[in-house]
Amino acid sequence: MYEPIRTKSVVHRVGGHHSDRQAGYPQSSRAEALDIQLAGHLAALLTVTDELGLDGAAARIAAQVTRLRGSEPARAPHADITGAAGLAALHQRAHDLAGRALVVAASRADTTVAILAAERMDAHAAALAPQHLAGSL
């Protein structure tokens, strides 16, 4: 019914090896991949937290990014936000990023970061609450 393949595969590996590990490609474990992902989410949360001017929270987040990456994270300047809509958008963004960090922290069993992320979610949800209540009147 099917005709057999008569030519060799066109897929070739560097050095002729079938294993990427043997070919010299960089490999990372699942734990390392989760560390990198968590550090990225926390660094993004740190940027938004800096823009909001929440120095205490930013210092706690920066300490965790430093622990995960081994170096100090880049810091963003405080943003001059005048409108309530801009402030609400930043709080919503921070809430979303904290949620992502919480999911990754839970999957890698990092209790310290999970607690920090949950606290940040609560804080940003509380900052958004008056906005949602006012809009429903």
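Here the CD atom belonging to Gln92 is positioned 12.0 Å from the CG atom belonging to Leu87, to the nearest 0.5 angstrom. For the atom pair Leu90 CG and Leu52 CG, the distance stands at 5.0 Å (nearest 0.5 Å). Note that NE2 of His41 and CG of Leu97 are 8.0 Å apart. Values are rounded to the nearest 0.5 Å. Expressed to the nearest 0.5 Å, how far CG of Leu68 lies from CG of Leu42 amounts to 6.5 Å. To the nearest 0.5 Å, atom CG of residue Leu45 and atom OG1 of residue Thr47 are 8.5 Å apart.
Side-chain atoms of Gln64 never come within 3.5 Å of backbone atoms of Ile61 as a donor-acceptor pair (strictly under, hydrogens ignored).
For the pair Val104/Val113, no side-chain contact is recorded, criterion being any heavy-atom separation below 4.5 Å from C-beta on. You'll find the side chain of Thr66 stays beyond 4.5 Å of the side chain of Ser71, heavy atoms only. You'll find the side chain of Arg100 stays beyond 4.5 Å of the side chain of Gln37, heavy atoms only.
Following chains of ILVMFWY side-chain contacts shorter than 4.5 Å, one cannot reach Met121 starting from Val48, and the two form parts of different hydrophobic clusters.
Here Arg67 does not pair with Asp35 in a salt bridge; the nearest charged N to carboxylate O distance is not below 4.0 Å.
Remark: Asp50 pairs with Leu46, Ala58, Arg75, Ala76 by the side-chain contact (heavy atoms from CB on, under 4.5 Å) rule, at least two apart or across chains.
Closest non-hydrogen pair, Ala57 versus Thr49, comes out as CB-CG2, 4.0 Å. When every heavy atom of Ala114 is checked against every heavy atom of Leu102, the shortest pair comes out as O-CD1, 3.3 Å. Summarising the geometry of Leu38 relative to Ala105, their closest heavy-atom pair is CD1-N, 4.0 Å, with the distance given to 0.1 Å. In this structure, Val65 and Ala43 approach most closely via the heavy-atom pair CG2-N, 3.8 Å.
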Inset, instruction - Show the numbers, then the answer: is there a side chain to side chain contact (heavy atoms under 4.5 Å, CB included) between Arg120 and His95? - result: CA-CA 7 Å; Arg120 296 316 313 147; His95 184 271; over 6 Å; no

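For residues 68-91, the pairs satisfying ring-ring contact (aromatic ring centres under 6.0 Å, His included) are His91-His124, with sequence neighbours left out.
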